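Written out below as structure tokens is the structure these notes cover.
The first residue of the sequence shown is numbered 1, and numbering continues consecutively from there. This one's a predicted model, so the numbers in the text were calculated from it and none came from an experiment.
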Amino acid sequence: FALGTPEIERFPFDVWTRLLARAWRRPSVDLWRSDGPAGHRPLRVAIADYLRAARAVDCTSDQIIVTSGAQQSISLAVNALLDPAEKVWIENPGYTGLQGPLIAAGQVPVPVPVDDQGLSLNEGLRRAPDARMAIVTPSHHYPLGTVMSLSRRLALLDWAKDSKAWLLEDDYDSEYRYSGRPLSAMQGLDRSARVIYIGSFSKVLFPALRMGYLVAPADLAEKMIRIRATMDEHPSTTAQPALAAFFAEGHFAAHIRRMRRLYAARQACLLAAAREHLNGLCQVAPDEAGLHLVAWLTDSCLARMDDQAAARRAAGAGIVAPALSRFYLEPPVKQALLLGYAGVPEEIIPSAVRRLAQCLTA
């Protein structure tokens with residue numbers, strides 16, 4: 001049940017191979033010279049069109065900067081917008097890959113608790129009232145799955161405007177929402193140009209692609225592109241024209257629709273197996289979005305082991321089930337196992353859950 005692992009075997013590699021071959025059979029001079037540090041122009045246009053239609057992001061292609069993924073996008077944002085030693089609110093629990101880019105840029109990460117509405121603004125103001133940035137996952141908190149309320153989003157936007165601070169919105173798996181339309185991005189609510197929006201194709205397509213993007217505020221795009229050039233001159237051009245065509249010819253949208261149906265079925269299978277085998281050990285509730293579920297350890301289970309001990313027992317039986325406490329920067333408030341289901345075939349899920357239950361019962 002490893003996290004962030006998509007179903008690779010269902011990716012249309014035959015289509016992908018054809019698009020790659022078409023782009024590079026007789027590449028134009030502009031292609032093999034690259035389009036510059038911001039990325040391949042047709043891909044930037046395709047990403048902007050997609051974000052406007054699917055995520056209500058207010059942007060043009062000139063604001064899109066292609067990166068090697070979320071961590072490079074974060075590094076780019078903090079290097080462009082912050083001075084050394086400034087404080088940054090980060091969600092607690094949250095994405096563990098945040099600390100490296102922040103510390104490397106000389107910033108001070110400040111963990112801020114997440115409540116049932118998202119990152120706690122009041123607690124952030126109490127811990128670091130002079131913070132210059134907050135990094136949030138409002139559409140689907142990682143790893144708890146909380147959706148940030150509209151009132152909290154508006155309050156954070158007001159804070160950023162009044163404090164002249166920045167909001168970095170990580171929209172890491174917004175494509176996979178199984179009930180209703182995907183939620184609009186917080187960036188679309190921003191009227192003060194204080195939100196930097198980032199996304200990645202690692203979970204949507206395949207991890208080895210190593211490609212993401214950043215949406216810069218319009219008046220900062222040129223500055224951020226120049227800083228992007230100092231990181232590695234320009235992103236690899238090899239896959240960019242193929243991905244642009246993957247968007248333009250409708251393959252991206254079709255792939256998302258197929259995967260959404262597949263992942264919804266796998267989540268339902270995991271829930272059924274949890275009801276059958278984990279009763280009394282874990283409480284597992286459905287999630288309207290994402291690629292994993294949270295299995296909260298019951299009091300009777302916690303009386304015998306914490307979540308890290310549970311994860312070690314599972315690992316000993318060949319089951320990957322990360323402990324929630326690993327995602328806290330402070331003593332954990334809650335104890336759970338995280339069960340990624342996207343890359344697990346349905347026929348394997350019941351037996352894997354049964355083995356997990358045996359580990360927690362022993």
Side-chain angles (χ1 to χ4, degrees), residues 6 11-70 72-73 76-77 80 169 171-175 182 185 187-188 196-259:
F11 184 76
F13 282 108
D14 54 340
V15 173
W16 183 254
T17 302
R18 174 170 55 81
L19 296 177
L20 274 173
R22 189 173 72 193
W24 288 101
R25 190 172 291 116
R26 293 183 181 85
S28 66
V29 173
D30 289 341
L31 189 56
W32 59 258
R33 281 181 176 172
S34 91
D35 277 348
H40 187 49
R41 169 60 67 176
L43 177 57
R44 296 167 69 197
V45 170
I47 292 172
D49 290 345
Y50 166 73
L51 292 177
R52 286 195 301 269
R55 305 294 299 120
V57 172
D58 183 10
C59 68
T60 68
S61 59
D62 290 336
Q63 295 171 250
I64 306 296
I65 303 173
V66 178
T67 68
S68 65
Q72 188 179 61
S73 295
L76 174 56
E169 178 178 10
D171 211 21
Y172 69 99
D173 66 359
S174 61
E175 289 81 8
Q187 191 267 6
I196 298 89
Y197 178 95
I198 66 173
S200 170
F201 296 112
S202 294
K203 296 182 181 67
V204 181
L205 302 181
F206 52 93
L209 186 61
R210 296 308 307 145
M211 197 182 303
Y213 54 88
L214 176 150
V215 181
D219 59 344
L220 291 173
E222 285 302 319
K223 173 185 177 180
M224 297 184 81
I225 290 170
R226 289 196 300 272
I227 293 174
R228 168 72 178 84
T230 69
M231 291 181 164
D232 57 5
E233 190 171 332
H234 63 80
S236 172
T237 313
T238 305
Q240 291 187 67
L243 184 53
F246 198 73
F247 270 102
E249 298 177 13
H251 304 299
F252 184 87
H255 179 64
I256 294 299
R257 288 194 297 269
R258 288 193 300 268
M259 292 299 98

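Taken from CD in Glu222 to CZ in Arg228, the straight-line distance is 14.0 Å, to the nearest 0.5 Å. Interatomic distance, OH of Tyr213 versus CG of Leu51, reported as 4.5 Å (0.5 Å rounding). Between atom CG of residue Asp14 and atom CG of residue Leu19 there is a gap of 9.5 Å, rounded to the nearest 0.5 Å. Rounding to the nearest 0.5 angstrom, the gap separating the CG atom in Leu214 from the CD atom in Gln72 is 10.0 Å. To the nearest 0.5 Å, atom NE2 of residue His251 and atom CG of residue Leu205 are 12.5 Å apart. Here the CD1 atom belonging to Ile198 is positioned 7.5 Å from the OG1 atom belonging to Thr67, to the nearest 0.5 angstrom.
Looking only at side-chain heavy atoms (C-beta outward), Pro37 and Arg226 stay at 4.5 Å or farther from each other. Side-chain atoms of Ser68 and Ser73, non-hydrogen and from C-beta on, never get closer than 4.5 Å to each other. Two residues are said to be in side-chain contact when any heavy atoms from C-beta on lie closer than 4.5 Å; Ser202 and Tyr172 fail this criterion. Residues Ile196 and Val215 fail the side-chain proximity criterion, which asks for heavy atoms closer than 4.5 Å. Using a 4.5 Å heavy-atom threshold, the side chains of Arg258 and Pro12 count as touching.
Side-chain atoms of Lys223 come within 3.5 Å of backbone N or O of Ala80 as a donor-acceptor pair. Between the Arg257 side chain and the Phe252 main chain, no donor and acceptor come within less than 3.5 Å of each other. Glu169 places a side-chain N or O within 3.5 Å of a backbone atom of Gln187 that can act as its donor or acceptor partner.
Nearest heavy atom pair, residue Gly69 against residue Arg210, reads CA-NH2, 4.3 Å. When all heavy atoms are compared, the tightest approach of Ala244 to His40 is CB-CD2, 4.4 Å. Heavy atoms only, all atoms of each residue included: Ala185 and Val57 are closest at CB-CG2, 3.8 Å. Nearest approach of Met224 to Pro217, heavy atoms of both residues: SD-CD, 4.4 Å. The two residues Ile65 and Ala216 make their nearest non-hydrogen contact at CD1-CB, 4.4 Å.
Phe206 has its ring centre less than 6.0 Å from the ring centre of Phe13.
Note: Trp16 and Phe11 have perpendicular aromatic rings, judged against thresholds of 30 and 60 degrees for the angle between ring planes.
Remark: the Glu175 side chain and the Tyr50 side chain contain an N/O donor-acceptor pair separated by less than 3.5 Å.
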Worked check of side-chain contact (heavy atoms from CB on, under 4.5 Å) between Phe247 and Asp49: CA-CA 10 Å; Phe247 270 102; Asp49 290 345; over 6 Å; no
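Remark: Ala48 pairs with Arg52, Cys59, Ser61, Ile64 by the side chain to side chain contact (heavy atoms under 4.5 Å, CB included) rule, at least two apart or across chains.
Residues in residues 247-256 take part in these salt bridge (charged side-chain N to carboxylate O under 4.0 Å, His left out) pairs, two or more places apart or across chains: Arg22-Glu249.
Between Arg41 and Asp62 there is a salt bridge, with a side-chain nitrogen of the basic residue lying less than 4.0 Å from a carboxylate oxygen of the acidic one.
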